[in-house]
*Asks:* 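Shown below is the structure under consideration.
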Amino acid sequence: MPLNLTTYSKITWCPGCPNSQILVAFRQAIQELVDQNKLKPENLVAFAGIGCHGKITDYLNTNSFTSLHGRLIPAMTGAKCANPELTCIGFSGDGDSYSEGLEHLIHAARRNSDIKVFIHDNQLFALTTGQASSRSPLGFKSKTTPLGSIEPPFNPLLTLLSAGASFVARTYAGDLKGTKRIMEAAISHKGFAFVDIIQPCITFFDTRDYFKDRIYWIDENLPKNDLNKAMALVNGGDEKVPLGIFYEVERPTFEDQLAKI
Ligand code: SF4
């Protein structure tokens, strides 16, 4: 059944912004999952936080909810607890979830809440015109760091693996096919699925050339249940940036435990 996932809202992302590719990949992933009877459109709820990424729910003809800054995860986990039939998929940014609301992300991973989180990681606060975030590299110059950032950047994948996330992956927004594949796998996973999406902000921090020379896809057939190997992969330095599903295991979800009380 072809879905109409578009809306009448005018897209106001900067022309060429990779957020548009994330939107297209997501629409395609949803269509495919619905066609395969793995997802009921009426049960789908798209959540967003605050930031450039947050406009995505305006462009998706689905149930949706826009949360406060940094408070995406509580809205998602609340909805999922109230109605476990829902497929709760959240979009957030590195400013929104790695800088403002990091604690929620860590605890949702620890509990294995059955929600899927896609982070548009552009390494700054883009909507407010390019201030440094916890993901900005050392030396990054911005309005808030005019002499260059003196803080090492946060490693979200390593943190989420340590916190207990049962699905951890990374993709690159410019690779539409790869992003769609990772999104489908994340949405199909039962438990907390976390995907960092490298999304260069072409207006305030254009990293496309930087990543073009560094990204590579890991072998899809590698075992996905080896936590130490996953940690080593995502902590291997800046020279090469692996993409793919680093870790995937099954364990009881928070909602399943809650239903037994
Ligand atoms: Fe995209 Fe950056 Fe423009 Fe925001 S400011 S829409 S992230 S290019």
Side-chain angles (χ1 to χ4, degrees), residues 5-29 46-62 64-72 89-102 105 117-137 139-146 148-149 151 153-154 156-157 169-180 182-183 194-215 241 243:
L5 290 169
T6 59
T7 67
Y8 292 110
S9 296
K10 187 176 174 224
I11 291 189
T12 56
W13 286 319
C14 304
C17 173
N19 275 323
S20 293
Q21 285 157 295
I22 296 174
L23 172 66
V24 172
F26 182 68
R27 284 183 181 144
Q28 291 182 358
F47 294 76
I50 302 295
C52 285
H53 75 272
K55 298 178 183 182
I56 200 165
T57 46
D58 292 345
Y59 312 141
L60 284 169
N61 185 22
T62 62
S64 66
F65 186 96
T66 300
S67 72
L68 299 174
H69 202 193
R71 304 296 173 253
L72 169 84
I89 302 173
F91 298 89
S92 188
D94 54 299
D96 191 51
S97 274
Y98 296 160
S99 303
E100 300 282 337
L102 179 61
L105 202 56
V117 183
F118 300 145
I119 307 284
H120 302 215
D121 185 355
N122 51 29
Q123 301 175 274
L124 42 59
F125 287 90
L127 187 67
T128 47
T129 69
Q131 295 81 6
S133 79
S134 63
R135 283 285 295 136
S136 301
F140 177 68
K141 288 192 178 168
S142 71
K143 290 168 189 167
T144 48
T145 51
S149 172
E151 300 176 20
F154 172 63
L157 295 151
R170 175 162 58 197
T171 182
Y172 181 69
D175 184 337
L176 204 147
K177 212 168 138 193
T179 301
K180 173 177 162 267
I182 296 284
M183 284 177 162
F194 167 78
V195 182
D196 182 81
I197 307 176
I198 299 170
Q199 179 255 302
C201 169
I202 59 172
T203 300
F204 296 110
F205 190 29
D206 191 351
T207 53
R208 284 175 294 181
D209 282 345
Y210 175 89
F211 282 112
K212 183 167 60 73
D213 297 336
R214 288 170 174 78
I215 53 173
V241 179
L243 307 176

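Remember, predicted model here, so these are calculated numbers, not experimental data. Counting convention: from 1, in listed order, for ligands and their atoms alike. The first residue of the sequence shown is numbered 1, and numbering continues consecutively from there.
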*Asks:* Does ligand 1 have an atom under 4.0 Å from some heavy atom of Q199?
*Replies:*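 Heavy atoms of Q199 do come under 4.0 Å of ligand 1.
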*Asks:* Run the numbers for me: atoms of ligand 1, each under 4.0 Å from some heavy atom of I202, listed by number.
*Replies:*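 The atoms of ligand 1 under 4.0 Å from a heavy atom of I202 are 8 (S).
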*Asks:* Quick one: list whatever passes side chain to side chain contact (heavy atoms under 4.5 Å, CB included) with S133, sequence neighbours left out.
*Replies:*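 Side chain to side chain contact (heavy atoms under 4.5 Å, CB included) check on S133 returns D94, S99, F125, R135, S136.
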*Asks:* Suppose we screen for side chain to side chain contact (heavy atoms under 4.5 Å, CB included). Which residues come up paired with S142, at least two apart in sequence or across chains?
*Replies:*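 Partners of S142 under the side chain to side chain contact (heavy atoms under 4.5 Å, CB included) test: A132, F140, T144, T145.
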*Asks:* What distance separates I11 CD1 from L23 CG, expressed to the nearest 0.5 Å?
*Replies:*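 I11 atom CD1 to L23 atom CG measures 5.5 Å (nearest 0.5 Å).
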*Asks:* When you compare the side chains of D196 and Y98, does any donor N or O come within less than 3.5 Å of an acceptor on the partner?
*Replies:*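 Yes, Y98 and D196 have a side-chain donor paired with an acceptor closer than 3.5 Å.
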*Asks:* With a cut-off of 2.8 Å, how many protein N, O or S atoms neighbour atom 4 (Fe) of ligand 1?
*Replies:*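 Counting protein N, O and S atoms closer than 2.8 Å to atom 4 (Fe) of ligand 1 gives 1.
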*Asks:* Relative to each other, are the rings of F47 and F65 parallel, tilted or perpendicular (30° and 60° limits)?
*Replies:*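 Tilted, since the angle between the ring planes falls between 30° and 60°.
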*Asks:* Hey, mind stepping through Y59 and S64 against side chain to side chain donor-acceptor pair (under 3.5 Å) and telling me if it holds?
*Replies:* CA-CA 10 Å; Y59 312 141; S64 66; over 6 Å; no
*Asks:* What residues, two or more places apart in sequence or in another chain, satisfy ring-ring contact (aromatic ring centres under 6.0 Å, His included) together with F211?
*Replies:*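 By the ring-ring contact (aromatic ring centres under 6.0 Å, His included) rule, F211 matches no residue at all.
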